[in-house]
Engineer: 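Structure incoming, see below.
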There are 2 protein chains.
Amino acid sequence: MIHNHSDLLNKVKTDLPADELLSDLSDLFKLFGDSTRIKILFALSESEMCVCAIAELLGMNQSAISHQLRTLKDANLVASRREGKTIYYHLSDDHVRTIIGQGFEHLTEKH
Amino acid sequence: MIHNHSDLLNKVKTDLPADELLSDLSDLFKLFGDSTRIKILFALSESEMCVCAIAELLGMNQSAISHQLRTLKDANLVASRREGKTIYYHLSDDHVRTIIGQGFEHLTEKH
DNA sequence: CGTTCATATGATTTATTATTCATATGATAA
DNA sequence: TTATCATATGAATAATAAATCATATGAACG
């Protein structure tokens, strides 16, 4: 750490957002960083779905899906409505589609 | 799983990308889903930096930063060049900025 | 009511991953 | 060549989190 970069450090340090914001940001991306959740979000970007439909679509058990839906709901990425015994989930806003779309572009645009 | 949603399932199933692609997508987001890596990427979006500068900026030891840079390099999110004993890292393309920007927007646009 | 269906939840197990420590590599300069 | 500086790497530890199992909740309907 001898070699000098204090000028650069000061510059970057002032531009870097607060730790808490960066932590929130990584927490957000973490939600997209699991294949089960990405599949759920992708499915919901097509259509509102109930829990057991998602479970059947992904070939996973109901409990696992419920846990992940809870995570996504706590983060306000999805919302739900009840209709009798069934609970339907949907994306809570369009940012989810945009973020996934950007990731997709990154993957597919690479040669 | 008695209640019927096979029509919906068939529709969504055809639109859902292949498992491998969705897995790649979550792997991509996973890289942004760690606060150390997000900080590194953010810093590099300001300026090319050497390893020890990043370590000093984040208040972490050199080894931890090196390990994370390796992860980011393996995923082609960052690239490096050598100048004498020093190795400078930079973002490998603009998608990184775009993806982080989208996440940022999502966070800040919420009331 | 009690039963059934759809979903949620808590606890446990299992798997994954970030950081640390010690050491290796690789370039430079004396 | 030896010493030093900057970085990389392997192994081990520690922390986090996903899936599973068993069970709880809560609505509808006989």
Side-chain angles (χ1 to χ4, degrees), chain A residues 1-6 8-9 19 22-23 26-41 43-44 48-75 78-90, chain B residues 1-6 8-9 19 22-23 26-41 44 48-75 77-90:
Chain A
M1 315 246 180
I2 300 293
H3 94 261
N4 188 16
H5 34 47
S6 49
L8 174 61
L9 275 185
D19 254 45
L22 289 170
S23 187
S26 65
D27 285 346
L28 174 65
F29 284 121
K30 205 171 291 180
L31 294 165
F32 295 85
D34 172 86
S35 63
T36 300
R37 283 192 299 265
I38 270 282
K39 285 174 193 168
I40 293 175
L41 292 172
L44 295 183
E48 169 182 79
M49 294 180 82
C50 67
V51 179
C52 69
I54 299 172
E56 196 176 334
L57 177 68
L58 304 196
M60 295 177 63
N61 72 38
Q62 175 268 320
S63 179
I65 301 300
S66 250
H67 279 293
Q68 294 297 1
L69 283 170
R70 176 111 157 76
T71 303
L72 293 170
K73 195 176 184 180
D74 285 349
V78 306
S80 63
R81 67 180 180 88
R82 177 182 281 276
E83 200 178 300
K85 287 181 268 187
T86 308
I87 296 185
Y88 291 95
Y89 281 83
H90 55 94
Chain B
M1 317 249 181
I2 301 294
H3 94 261
N4 187 17
H5 33 48
S6 49
L8 175 60
L9 276 185
D19 255 43
L22 290 170
S23 188
S26 64
D27 284 346
L28 175 65
F29 284 121
K30 205 170 290 179
L31 294 165
F32 294 85
D34 172 85
S35 63
T36 300
R37 284 192 298 266
I38 271 281
K39 285 173 193 169
I40 292 174
L41 292 172
L44 294 183
E48 169 182 79
M49 293 179 83
C50 66
V51 179
C52 69
I54 299 172
E56 196 176 333
L57 178 68
L58 304 195
M60 295 177 66
N61 72 38
Q62 176 268 320
S63 179
I65 301 300
S66 248
H67 279 293
Q68 295 297 2
L69 284 170
R70 177 109 156 78
T71 303
L72 293 170
K73 194 175 184 179
D74 285 349
L77 295 190
V78 305
S80 63
R81 68 180 179 87
R82 178 182 280 275
E83 199 178 301
K85 287 182 265 187
T86 308
I87 295 184
Y88 291 96
Y89 281 84
H90 56 93

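Within every chain, numbering begins at 1; the chains are lettered A, B, ... in the order of the sequence lines, protein sequences first and strands thereafter.
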Engineer: State which of D:dT9, D:dA17, C:dT19 makes the closest approach to the side chain of A:K30.
Structural biologist: D:dA17
Engineer: So does B:Y89 get a side-chain nitrogen or oxygen closer than 4.0 Å to the phosphate oxygens (OP1/OP2) of D:dA6?
Structural biologist: no
Engineer: Is A:H67 stacked against the base of C:dT9, taking the criterion as centroid distance under 5.5 angstrom and interplanar angle under 30°?
Structural biologist: yes
Engineer: Kindly assign one of parallel, tilted or perpendicular to the pair A:F29 and B:F29, based on the angle between their ring planes and the thresholds 30° and 60°.
Structural biologist: parallel
Engineer: Can you tell me how far C1' of C:dT16 sits from CG of B:L31, to the nearest Å?
Structural biologist: 14 Å
Engineer: Between D:dA18, C:dT20, C:dA18, which nucleotide gets closest to the side-chain atoms of B:Q68?
Structural biologist: C:dA18
Engineer: Between A:R82 and B:A64, who's closer to the 5' end of DNA chain D by nearest nucleotide?
Structural biologist: B:A64
Engineer: Do side-chain atoms of B:R37 reach the backbone of B:K39 as a donor and acceptor pair under 3.5 angstrom?
Structural biologist: no
Engineer: I'd like to know if B:T86 reaches the base of D:dC5 with its side chain, counting only an N/O donor and acceptor under 3.5 Å.
Structural biologist: no
Engineer: Check the phosphate of C:dA18 against B:T36, side-chain N and O only, distance under 4.0 Å to OP1 or OP2. Yes or no?
Structural biologist: no
Engineer: Please state whether the phosphate of D:dT7, meaning OP1 or OP2, lies under 4.0 angstrom from any side-chain nitrogen or oxygen of B:R70.
Structural biologist: no
Engineer: Compare every heavy atom of B:Y89 with every heavy atom of B:L44, then report the nearest pair and how far apart it is.
Structural biologist: CD2-O, 3.4 Å
Engineer: Let me know the distance between CG of B:D74 and C1' of D:dT9, rounded to the nearest Å.
Structural biologist: 12 Å
Engineer: Counting only side-chain heavy atoms from C-beta out, which of C:dT7, D:dA19, C:dG10 sits nearest to A:S63?
Structural biologist: C:dG10
Engineer: Closest-nucleotide mapping onto DNA chain D: is B:Y88 or A:K85 further toward the 5' terminus? I mean the 5' end.
Structural biologist: B:Y88
Engineer: Please report the distance, rounded to the nearest Å, between CD1 in B:I65 and P in D:dT7.
Structural biologist: 11 Å
Engineer: Any idea which heavy atoms bring B:S35 and A:S23 closest together, and the distance?
Structural biologist: CB-CA, 4.5 Å
Engineer: Phosphate oxygens OP1/OP2 of C:dA6: is one of them under 4.0 Å from a side-chain N or O of A:Q62?
Structural biologist: no
